[in-house]
Amino acid sequence: IKTVLEKNDVKYDVSVLPQVVSADLPWLDYEQIKTFLDVIRGEPCEMAALFALHSLRRSEVFALTPNHVKENKNTSSRREVPIMIPRLDELLNQYDGAANKPYMQCALNTPGYQINRICVAHGLPPVGMHGLRRSFASLAYHLKWSERQTMATGG
């Protein structure tokens, strides 16, 4: 705005606005993750939630197929993601879709809404998909991963 005003010779007063305090985004600690894993079991959003807890972004979750052919936002996002929660391995082995068909067959926002509904119903912070991705750090810390390993896996 300043540039446009100056270009048009408009006089203005310089105002200093208060600093915007960013909201503290919710995430789950390890004990909350254990509760979450119990209450999410069997829910339609379970696989999406487990992918997010393994550090995958929503765009990655929705592009993932059994062939593991997916496009990342950029080449620096490509990474190996080990399965840390055995339930995800179970679900992947039970999947009966085509090898090139994405695991997730719902609207992009559906898992996040379902995750938040389940969290609120069980006294957990409504973390959505991105909050579960943030919760991955809690899981990695509990597993005693190094910061370097956590950052590399988390992308």
Side-chain angles (χ1 to χ4, degrees), residues 16-155:
V16 178
L17 298 175
Q19 180 179 354
V20 176
V21 178
S22 60
D24 189 21
L25 300 174
W27 53 279
L28 303 177
D29 64 27
Y30 181 69
E31 292 303 316
Q32 291 170 320
I33 290 172
K34 290 191 313 187
T35 300
F36 179 77
L37 292 175
D38 287 340
V39 299
I40 201 80
R41 189 176 185 94
E43 294 288 341
C45 59
E46 181 181 14
M47 186 179 279
L50 292 175
F51 281 140
L53 270 171
H54 281 80
S55 81
L56 273 67
R57 297 172 183 91
R58 185 176 71 168
S59 60
E60 294 170 328
V61 169
F62 276 85
L64 195 60
T65 69
N67 286 338
H68 302 295
V69 177
K70 59 185 174 63
E71 291 297 320
N72 297 99
K73 288 183 178 181
N74 53 55
T75 55
S76 65
S77 292
R78 292 193 181 125
R79 62 206 190 275
E80 293 286 324
V81 179
I83 294 178
M84 303 173 292
I85 302 170
R87 177 66 177 155
L88 179 57
D89 203 29
E90 289 175 32
L91 292 173
L92 293 173
N93 288 328
Q94 293 171 6
Y95 182 73
D96 62 357
N100 61 349
K101 181 179 173 186
Y103 289 110
M104 304 312 305
Q105 296 294 311
C106 59
L108 285 173
N109 291 328
T110 299
Y113 292 140
Q114 292 172 346
I115 289 164
N116 284 342
R117 178 183 48 79
I118 292 164
C119 284
V120 169
H122 291 85
L124 298 170
V127 294
M129 291 283 288
H130 190 69
L132 289 177
R133 180 170 145 70
R134 290 169 50 92
S135 301
F136 157 76
S138 294
L139 188 56
Y141 179 81
H142 175 77
L143 295 173
K144 299 188 182 342
W145 284 16
S146 69
E147 288 181 26
R148 184 176 301 273
Q149 183 181 8
T150 301
M151 289 187 302
T153 302

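Please read all numbers here as calculations on a predicted model, not as lab measurements.
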I'd like to check [X] versus [Y] (side-chain heavy atoms, cut-off strictly below 4.5 Å). Are they in contact?
X	Y	value
Phe62	Pro102	no
Leu28	Ser138	no
His142	Lys34	no
Cys45	Ile118	yes
Leu91	Arg87	yes
Leu37	Leu50	yes
Ile40	Gln114	no
Arg58	Leu108	yes

Nearest non-hydrogen partners of [X] and [Y], listed with the distance:
X	Y	answer
Ala140	Thr150	CB-OG1, 3.4 Å
Pro26	Pro126	CG-O, 3.6 Å
Asn100	Thr65	O-CG2, 3.6 Å
Met84	Leu139	CE-CD2, 3.6 Å
Leu53	Ser135	CD2-CB, 3.8 Å
Cys119	Val127	SG-CG2, 4.1 Å

Check: Are Glu60 and Arg79 close enough for a salt bridge, meaning some N to O gap below 4.0 Å?
Finding: yes
How many angstroms lie between [atom1] in [X] and [atom2] in [Y], if you round to the nearest 0.5 Å?
X	Y	atom1	atom2	value
Asp89	Gln94	CG	CD	10.0 Å
Leu88	His54	CG	NE2	5.0 Å
Glu147	Tyr141	CD	OH	10.0 Å
Ile115	Arg117	CD1	CZ	10.5 Å
Met151	Thr153	CE	OG1	10.5 Å
Leu25	His130	CG	NE2	6.5 Å

Note to self: Please enumerate all residues that pass ring-ring contact (aromatic ring centres under 6.0 Å, His included) together with Tyr103, with sequence neighbours excluded.
What the structure shows: Phe51, Tyr95
Notebook entry, point to check: Heavy-atom count around Gln105 CD within 6.0 Å, excluding the residue itself: above 12?
Noted result: yes
Next item on the list: Go through Phe136 and Leu56 one step at a time and tell me if the side-chain contact (heavy atoms from CB on, under 4.5 Å) criterion holds.
Entry: CA-CA 9 Å; Phe136 157 76; Leu56 273 67; over 6 Å; no
Check: Are any side-chain N or O atoms of Arg133 and backbone N or O atoms of Gly154, one a donor and one an acceptor, separated by less than 3.5 Å?
Finding: yes
